[in-house]
Amino acid sequence: MVPRGGAARQLCSAAGDLLGAMEQPSAWDRFYAQREHAGAVGHFEWFFGYEAVAGLLLPLLQGPGAARVLDVGCGTSALGLGLYRDCPHPVHVCCLDAAPAALAALQRLLCMAPPPRHPRSHVRLCLGDATDLARGGFAPASLRLILDKGTCDALLRCPAGPGRAGRLVAECLRALQPGGRLLQFSDEDPDARVPFLERVGMAGVSVQELGVPGGVPYYVYTVEKPVGG
Ligand SMILES: C[S@@+](CC[C@H](N)C(=O)[O-])C[C@H]1O[C@@H](n2cnc3c(N)ncnc32)[C@H](O)[C@@H]1O
């Protein structure tokens, strides 16, 4: 449904507020709540949707055992729900966000989703701070794959950007199993993102261009946690 009239104006105003406060979960919470209030249905996607990267992600979830996956700052993206639905192997997906309104909307979408392809797959939605995963109960070396679509970018845009974004990356690396991967989807240029990730992650970083939709190049940055690291 397309928002109209007053609802559309409120949504535009929430989106406008967001531009100056992208690191603040409260600003995102207002944005998702206004979206819901305006009658918007379906997933809101930063940059691009699940279908654009499903072919890249699904092969990373092959055995042994159930892959544990975390989407940090999931918003209402279809990324986590899509992997849960389509993965032919068992997968345990956690979609984490600090904005309660995003998780409420995602829960409604989950209720309408078809069952997962593998009967032992499951998904949970978690309210929490991606820069403090330990507090959220994520044990060290417990996850095979962490996805970040636009969350590090949002943190980097605040005055305390590199510090908060650095904590996000450090927390992700702590929670990854040796050999596990953090994938960041971003429009930031490799000249800026690669040195940042190498500094914080102290690990090898690879970059792949995903495409140039609408003239903007998008990248996936992969940080692999060293085995024995
Ligand atoms: C640019 S949006 C990306 C949303 C989603 N990943 C997507 O692709 O559409 C950034 C998301 O990060 C969330 N966020 C911001 N700071 C956070 C934090 N410290 N912990 C968890 N989530 C956070 C926001 O609520 C928002 O949903």
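Each ligand, and each atom within it, is numbered from 1 in the order the structure gives. Counting from 1, the numbers follow the sequence of the chain as shown.
Taking every heavy atom of Y32 and a limit of under 4.0 angstrom, the matching atoms of ligand 1 come to 4 (C), 26 (C), 27 (O). Applying the 4.0 Å criterion to heavy atoms of A99 picks out, from ligand 1, the atoms 25 (O). Of all atoms in ligand 1, listed by their number and element, those nearer than 4.0 Å to a heavy atom of E45 are 9 (O). The ligand atoms of ligand 1 that sit less than 4.0 angstrom from a heavy atom of F44 are 9 (O). Within ligand 1, counting atoms from 1 as listed, the ones closer than 4.0 Å to a heavy atom of G150 are 1 (C). Listed by atom number, the atoms of ligand 1 under 4.0 Å from G75 heavy atoms are 27 (O).
Atom 25 (O) of ligand 1 has its closest protein heavy atom at D97 OD1, 2.6 Å. Among all protein heavy atoms, the one lying closest to atom 16 (N) of ligand 1 is L155 CD2, 4.0 Å. The protein heavy-atom contact nearest to atom 11 (C) of ligand 1 is G73 O, 3.6 Å. Here the heavy atom of the protein found nearest to atom 20 (N) of ligand 1 is A130 N, 2.8 Å. Scanning the protein for heavy atoms near atom 9 (O) of ligand 1, the closest one is W46 N, 2.9 Å. Counting protein heavy atoms only, atom 8 (O) of ligand 1 is closest to K149 NZ, 2.7 Å. D129 OD1, 2.9 Å is the protein heavy atom nearest to atom 19 (N) of ligand 1. Atom 22 (N) of ligand 1 has A98 N, 3.3 Å as its closest protein atom, hydrogens excluded (heavy atom only).
Rounding to the nearest 0.5 angstrom, the gap separating the CG atom in L127 from the SG atom in C95 is 13.0 Å. A distance of 11.0 Å separates CG in L183 from CG in D71, rounded to the nearest 0.5 Å. Rounded to the nearest 0.5 Å, atoms CG (L60) and NE2 (H89) are 10.5 Å apart. To the nearest 0.5 Å, atom CD of residue E224 and atom CG of residue L176 are 9.5 Å apart. Note: Q24 CD to L155 CG = 11.0 Å, rounded to the nearest 0.5 Å.
If you check each of A102, P25, S77, G128 against atom 21 (C) of ligand 1, the one with the closest non-hydrogen atom is G128. Counting heavy atoms only, W28 comes closest to atom 10 (C) of ligand 1 of the residues W28, F31, F47.
Listed by first and then second residue, the side-chain hydrogen bond (donor to acceptor under 3.5 Å, both in side chains) pairs that reach into residues 134-150 are E45-K149, D148-Q184, sequence neighbours excluded.
Residues F185 and F47 keep their aromatic ring centres 6.0 Å or farther apart.
Residues passing the side chain to side chain donor-acceptor pair (under 3.5 Å) test with D29, sequence neighbours excluded: none.
The side chain of R164, and not its backbone, has at least one atom closer than 4.0 Å to an atom of ligand 1 (non-hydrogen atoms only; side chain from C-beta on). Only the backbone of C74 comes within contact range of ligand 1, with a heavy atom under 4.0 Å; no side-chain atom does.
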message: Please determine whether side-chain hydrogen bond (donor to acceptor under 3.5 Å, both in side chains) holds for the pair D86 and Y50, giving the CA-CA distance in whole Å, both sets of side-chain angles, and the decisive distance to 0.1 Å.
response: CA-CA 11 Å; D86 293 345; Y50 164 73; 2.7 Å; yes
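Taking the six-membered ring for Trp and thresholds of 30 and 60 degrees, Y221 and Y219 have ring planes inclined between 30 and 60 degrees apart.
A salt bridge is absent between D187 and R193: the closest approach of a Lys/Arg side-chain nitrogen to an acidic carboxylate oxygen does not fall below 4.0 angstrom.
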